[in-house]
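Reviewing the structure listed below.
Heavy-atom basis, side chains included; hydrogens, waters and symmetry copies ignored. Just so it is clear: chains get the letters A, B, ... in the order the sequence lines come, proteins before strands, and each one is counted from 1.
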Protein chains: 2
Amino acid sequence: MSLDRRSGCPINLSLEVFGDRWSLIILRDMIFGGRRHFRELLNGSMEGIASNILADRLKRLMELGMLTKADDPSHKQKAIYSLTEMAITLVPILAHLGAWGRVWLPTSDELSIRAELLEKGGPPMWEKFMGELRHEHLGTPLDTPSGPSVRATLRAAYEAVVASKTLSAGPTT
Amino acid sequence: MSLDRRSGCPINLSLEVFGDRWSLIILRDMIFGGRRHFRELLNGSMEGIASNILADRLKRLMELGMLTKADDPSHKQKAIYSLTEMAITLVPILAHLGAWGRVWLPTSDELSIRAELLEKGGPPMWEKFMGELRHEHLGTPLDTPSGPSVRATLRAAYEAVVASKTLSAGPTT
DNA sequence: TGCAACTGATTTCAAAATGCAATCAGTATG
DNA sequence: CATACTGATTGCATTTTGAAATCAGTTGCA
């Protein structure tokens with residue numbers, strides 16, 4: 001899990017940054033799930049990451065300049081992890097990745113609705129989302145605060161699908 | 001290197017397909033380098049893939065439906081690997097990945113010129129490229145054969161940078 | 001015919017990464 | 001003062017990786 005610099009090819013270097021099974025999962029949970037703390041990432045991860053792997057990847061992502069860490073005033077041992085601009089600009093890649101996976105892989109309905117929405121929203125929606133992430137993580141002022149946040153929109157869509165599934169296949173008593 | 005199905009999330013499933021250090025490198029060499037044979041991929045890879053890893057990944061990519069294999073008429077032991085539509089639609093992802101890496105990672109000039117061109121070309125260029133790949137790998141007719149192929153354009157740009165570097169820093173005798 | 005080079009792999013084995021469970025010391029809470 | 005929570009770390013078994021050597025069959029050439 002170190003940076004080999006096998007070649008100066010952009011695709012290769014990108015792979016060396018997040019060409020493993022966990023780094024992008026962590027960034028996904030921070031970006032789409034809004035998670036900022038170790039425990040949130042540990043327990044909230046759908047895929048069940050182990051604590052040693054999480055600690056290792058957080059450290060590595062910090063060394064790579066994708067994350068920063070700050071003290072949480074509410075608890076002396078609590079740390080808040082923030083995305084850097086480098087990580088925030090992954091949004092279009094994650095959007096494409098989700099769109100591709102939705103088409104070609106056996107994704108579940110409730111989880112793919114967000115990818116679908118993000119794909120349909122296109123670059124304008126990605127830009128809006130990145131603006132919101134910059135606001136949350138870097139303190140940048142929100143340029144055009146129009147309507148509900150992208151994350152809220154995505155979550156609402158997710159919950160709507162879950163609700164409709166519960167209705168159609170739920171308890172009949 | 002098997003498909004765990006840790007969750008039905010599109011991003012997670014995509015990661016399970018090419019969230020390793022070699023699968024995307026192989027696909028990159030096939031897509032941008034036009035490589036179709038085992039030896040071409042083995043010796044042509046800038047990153048120096050080992051033959052057992054290459055054999056394993058080719059097999060895995062076939063099982064996943066990203067590649068197909070056919071006999072080469074010129075040699076009874078020779079095989080030709082072809083991209084499937086599933087793999088061809090990775091072009092936009094590779095383009096984004098290259099663009100991101102070019103901005104944030106220490107890429108070399110001659111290798112990043114292709115990523116830059118592909119980024120500037122945008123979706124129209126990607127579509128043209130995918131059309132050409134479909135023609136090469138799936139036998140689909142070329143819809144609008146306008147000008148030189150995308151691959152040739154990218155290669156020409158690469159060679160131009162290499163040449164200019166040789167000029168400015170080359171031998172003075 | 002003989003022999004070297006080439007074909008797509010496979011074998012072997014050491015090193016590294018992974019994953020799970022238990023554990024850690026410091027901090028807040030009741 | 002006991003209990004739960006904070007971000008980790010440790011130990012250890014399993015899995016994956018990677019490099020070199022090797023494989024059997026095929027081809028080209030002398």
Distances for protein N/O vs nucleotides 18-22 of chain D N/O pairs under 3.5 angstrom?
residue, atom, partner, partner atom, Å
dG18(D), OP1, W22(B), NE1, 3.3
dG18(D), OP2, W22(B), NE1, 2.5
dG18(D), N7, N52(B), ND2, 3.4
dA19(D), N6, N52(B), ND2, 2.4

**Prompt:** Could one point to a donor on the side chain of Q77(A) or the base of dG26(C) with an acceptor on the other under 3.5 Å away?
**Reply:** yes

**Complete:** Among dT27(C), dA9(C), dT26(D), the one nearest any side-chain atom of K69(B) is dA9(C)

**Message:** Please verify the inter-ring angle class for H96(A) with W126(B); under 30° counts as parallel, over 60° as perpendicular, anything in between as tilted.
**Reply:** perpendicular

**Request:** Name the orientation class of the two ring planes belonging to W100(B) and F18(A) (parallel below 30°, tilted from 30 to 60°, perpendicular beyond 60°).
**Result:** tilted

**Request:** Scan residues 24-36 of chain A against DNA chain C and write down, sorted by residue number, each residue with any heavy atom closer than 4.0 Å; if none is found, say none.
**Result:** none

Atom-to-atom span, [atom1] of [X] to [atom2] of [N] - whole angstrom:
X	N	atom1	atom2	value
L67(B)	dA9(C)	CG	P	12 Å
D20(B)	dT15(D)	CG	P	19 Å
L54(A)	dT6(D)	CG	C1'	13 Å
L58(A)	dT6(D)	CG	C1'	14 Å
K78(B)	dC6(C)	NZ	P	11 Å
E16(B)	dT16(D)	CD	C1'	15 Å
H75(B)	dA9(C)	NE2	P	13 Å
Y81(B)	dT7(C)	OH	P	13 Å

Answer yes or no: is there a donor N or O on one side and an acceptor on the other, between the side chain of [X] and the main chain of [Y], under 3.5 Å?
X	Y	answer
T84(B)	G65(B)	yes
E132(A)	V150(A)	yes
H135(B)	T140(B)	yes

**Item:** Pairwise distance CZ(R114(A)) to CZ(R151(A)) - rounded to 0.5 angstrom
**Value:**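 So the CZ of R114(A) and the CZ of R151(A) are separated by 10.5 Å.
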
**Prompt:** Quick one: CG on D20(A) to CZ on R60(A), what's the gap to the nearest 0.5 Å?
**Reply:** 6.5 Å

**Prompt:** Does I88(A) share a hydrophobic cluster with L142(A), counting links as ILVMFWY side-chain heavy atoms below 4.5 Å and allowing steps through other members?
**Reply:** no

**Prompt:** Do the side chains of Y81(B) and M86(B) join up, straight or via other hydrophobic residues, at under 4.5 Å, putting them in one cluster?
**Reply:**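 Yes, it is one cluster - the side chains of Y81(B) and M86(B) are joined through contacts under 4.5 Å.
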
**Asked** How is K59(B) classified with respect to the nucleic acid when contacts are heavy atoms under 4.0 Å: base, sugar-phosphate, or nothing?
**Response** nothing

**Message:** Heavy-atom nearest nucleotide on DNA chain C for K76(A) versus R39(A): which residue maps closer to 5'?
**Reply:**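 It is R39(A), whose closest nucleotide lies nearer the 5' terminus.
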
